[in-house]
Amino acid sequence: MTASTPIAESNAPKPIHTDDAGLIAGAITLPAPAGDLPGYRAHPASGGPFPLVLVIQEIFGVHEHIRDVVRRLAHRGYYALAPDLFVRQGDPSHLHTVDEFRALAGRVPDRQVLSDLDASVAFAQASGKADVRKAAAVGFCWGGRITWLYAAHNPALKAAVAWYGRLTGDRTEAQPKHPIDVASALQVPVLGLYAGQDQGIPLPTVTALQEALRAASETGSAPGAAHSEIQVYPDVPHAFYADYRPSYRPEAAADAWQRQLDWLARHGVA
């Protein structure tokens, strides 16, 4: 698994730590078509099966903050699983600059990621502890973009939540489509949580996605489009939920987290 702190920042707050009391939590290895895949999962120690939530990593990998998010969801009664989606192309724990992380992410093909997420659902189902009939995906930063793509790829999901994921950009062989391109194929309702002061995801691109969702809902071609929602926090920066970074904004983070929980419950993932 990747390092505890992806990028050292002297002015970062003290990260929130969620313990694993009452949980079964830890590293796992799951089978996938391209080879075994490491990951981290947590769920309540007794009872089940539990609704499944796939946690899709930031650009920094499955580091301690992402593992903590997995435990937070497990304490709310979910089987939460974060697969390490960069492992086939490299190890983020050895990287030091944002440019290095971006270069690694750029080498990871979307089709590989979607296949590995499908394998993660299958692993959770085989465990006997996850109810994949009540499955959702939530993703942060890099994972926010992937969440939109997976919501168009897997109609078996009940819901998805994208935290400040990039919506458009250059189209490459590895990344041929972006969220704005798949709005017309969206199978699952997505809650998008975005930041008004995000320098990497300009608000006009958020507006463009909203327009694409409206157009898709009018044609009836994308059942998830009509029921998707976008929440913009006007005064916060990118990564406002990342409590290990200076960008963390506790009030917006708490509100968005509760919106996520409400969204999952509204769509039957509870």
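Below, each value reflects all heavy atoms present in this structure, side chains not excepted, and no hydrogens, waters or symmetry copies.
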field: Derivation of the side-chain contact (heavy atoms from CB on, under 4.5 Å) call for Leu117 and Asn154
entry: CA-CA 9 Å; Leu117 290 171; Asn154 186 356; over 6 Å; no
Residue pair [X] / [Y]: nearest heavy atoms and the distance that separates them:
{"X": "Pro179", "Y": "Leu209", "answer": "O-CD1, 4.0 Å"}
{"X": "Ala208", "Y": "Ile180", "answer": "CB-CD1, 3.5 Å"}
{"X": "Asp110", "Y": "Gln175", "answer": "OD2-CA, 3.3 Å"}
{"X": "Gly47", "Y": "Lys129", "answer": "O-NZ, 3.0 Å"}
{"X": "Ala124", "Y": "Leu52", "answer": "CB-CD1, 3.8 Å"}
{"X": "Ala160", "Y": "Trp263", "answer": "O-NE1, 3.2 Å"}

Could you state whether [X] and [Y] fall into the same hydrophobic cluster, counting links through intermediate Ile, Leu, Val, Met, Phe, Trp or Tyr residues with side-chain heavy atoms under 4.5 angstrom apart?
{"X": "Val182", "Y": "Val108", "answer": "yes"}
{"X": "Trp257", "Y": "Ile230", "answer": "yes"}
{"X": "Ile24", "Y": "Ile28", "answer": "no"}
{"X": "Phe50", "Y": "Leu54", "answer": "yes"}
{"X": "Tyr244", "Y": "Ile16", "answer": "no"}

Is [X] reaching over with its side chain to a backbone N or O of [Y], donor-acceptor style, under 3.5 angstrom?
{"X": "Arg245", "Y": "Asp243", "value": "no"}
{"X": "Ser120", "Y": "Pro83", "value": "no"}
{"X": "Tyr194", "Y": "Gly165", "value": "yes"}
{"X": "His75", "Y": "Asp19", "value": "yes"}
{"X": "Gln199", "Y": "Gln197", "value": "yes"}
{"X": "Arg166", "Y": "Trp142", "value": "no"}
{"X": "Gln187", "Y": "Ala185", "value": "yes"}
{"X": "Gln57", "Y": "Leu85", "value": "yes"}
{"X": "Arg88", "Y": "Phe86", "value": "no"}
{"X": "Ser228", "Y": "Gly224", "value": "yes"}

message: Checking Arg266 now: which residues fulfil salt bridge (charged side-chain N to carboxylate O under 4.0 Å, His left out) with it, not counting sequence neighbours?
response: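 Salt bridge (charged side-chain N to carboxylate O under 4.0 Å, His left out) check on Arg266 returns Glu229.
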With a 4.5 Å cut-off on side-chain heavy atoms, are [Y] and [X] touching?
{"X": "Tyr78", "Y": "Val55", "value": "no"}
{"X": "Tyr150", "Y": "Val188", "value": "no"}
{"X": "Arg249", "Y": "Asp235", "value": "no"}
{"X": "Ile146", "Y": "Leu149", "value": "yes"}
{"X": "His238", "Y": "Cys141", "value": "yes"}
{"X": "Ile66", "Y": "Glu58", "value": "yes"}

Between [atom1] of [X] and [atom2] of [Y], what distance do you get to the nearest 0.5 Å?
{"X": "Arg41", "Y": "Leu23", "atom1": "CZ", "atom2": "CG", "value": "10.0 Å"}
{"X": "Leu193", "Y": "Asp255", "atom1": "CG", "atom2": "CG", "value": "9.0 Å"}
{"X": "His17", "Y": "Arg72", "atom1": "NE2", "atom2": "CZ", "value": "10.5 Å"}
{"X": "Phe123", "Y": "Asp36", "atom1": "CZ", "atom2": "CG", "value": "10.0 Å"}
{"X": "Ile59", "Y": "Leu95", "atom1": "CD1", "atom2": "CG", "value": "9.5 Å"}
{"X": "Leu167", "Y": "Thr205", "atom1": "CG", "atom2": "OG1", "value": "4.5 Å"}

Just checking [X]: does its [atom1] atom have more than 12 heavy atoms from other residues, nucleotides or ligands closer to it than 6.0 angstrom?
{"X": "Arg76", "atom1": "CZ", "result": "no"}
{"X": "His267", "atom1": "NE2", "result": "yes"}
{"X": "Asp170", "atom1": "CG", "result": "no"}
{"X": "Glu100", "atom1": "CD", "result": "yes"}

- request: Verify whether one side chain among Arg145 and His178 offers a donor that lies under 3.5 Å from an acceptor in the other.
  value: yes
message: If we count only N and O atoms by modelled type, under 3.5 Å, do the side chains of Thr97 and Asp99 hold a donor and an acceptor together?
response: no
- request: Let me see the working for Lys134 and Leu264 under side-chain contact (heavy atoms from CB on, under 4.5 Å), right down to the final yes or no.
  value: CA-CA 9 Å; Lys134 300 177 179 180; Leu264 297 181; over 6 Å; no
- request: Could you label the plane-to-plane angle of the Phe240 and Tyr233 rings as parallel, tilted or perpendicular, counting under 30° as parallel and over 60° as perpendicular?
  value: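 Because their plane-to-plane angle lies in the 30° to 60° range, the rings of Phe240 and Tyr233 count as tilted.
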- prompt: Do the rings of Trp163 and Tyr241 sit parallel, tilted or perpendicular, given the 30° and 60° boundaries?
  reply: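 Tilted, since the angle between the ring planes falls between 30° and 60°.
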field: Steps toward side-chain contact (heavy atoms from CB on, under 4.5 Å) verdict (Arg111, Leu114)
entry: CA-CA 5 Å; Arg111 63 183 179 276; Leu114 300 179; 5.8 Å; no
task: Give the C-alpha distance, both sets of side-chain angles, the deciding distance and a yes or no for side-chain contact (heavy atoms from CB on, under 4.5 Å) between Thr147 and Val161.
output: CA-CA 7 Å; Thr147 297; Val161 182; 5.8 Å; no
message: Using ring-ring contact (aromatic ring centres under 6.0 Å, His included), reason through Phe60 and His65 one step at a time and then give a plain yes or no.
response: CA-CA 10 Å; Phe60 305 121; His65 173 66; 9.9 Å; no
query: Would you call Arg71 and Asp68 a salt bridge, using N to O less than 4.0 angstrom?
result: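 Judged by the 4.0 Å cut-off on N to carboxylate O distance, Arg71 and Asp68 do form a salt bridge.
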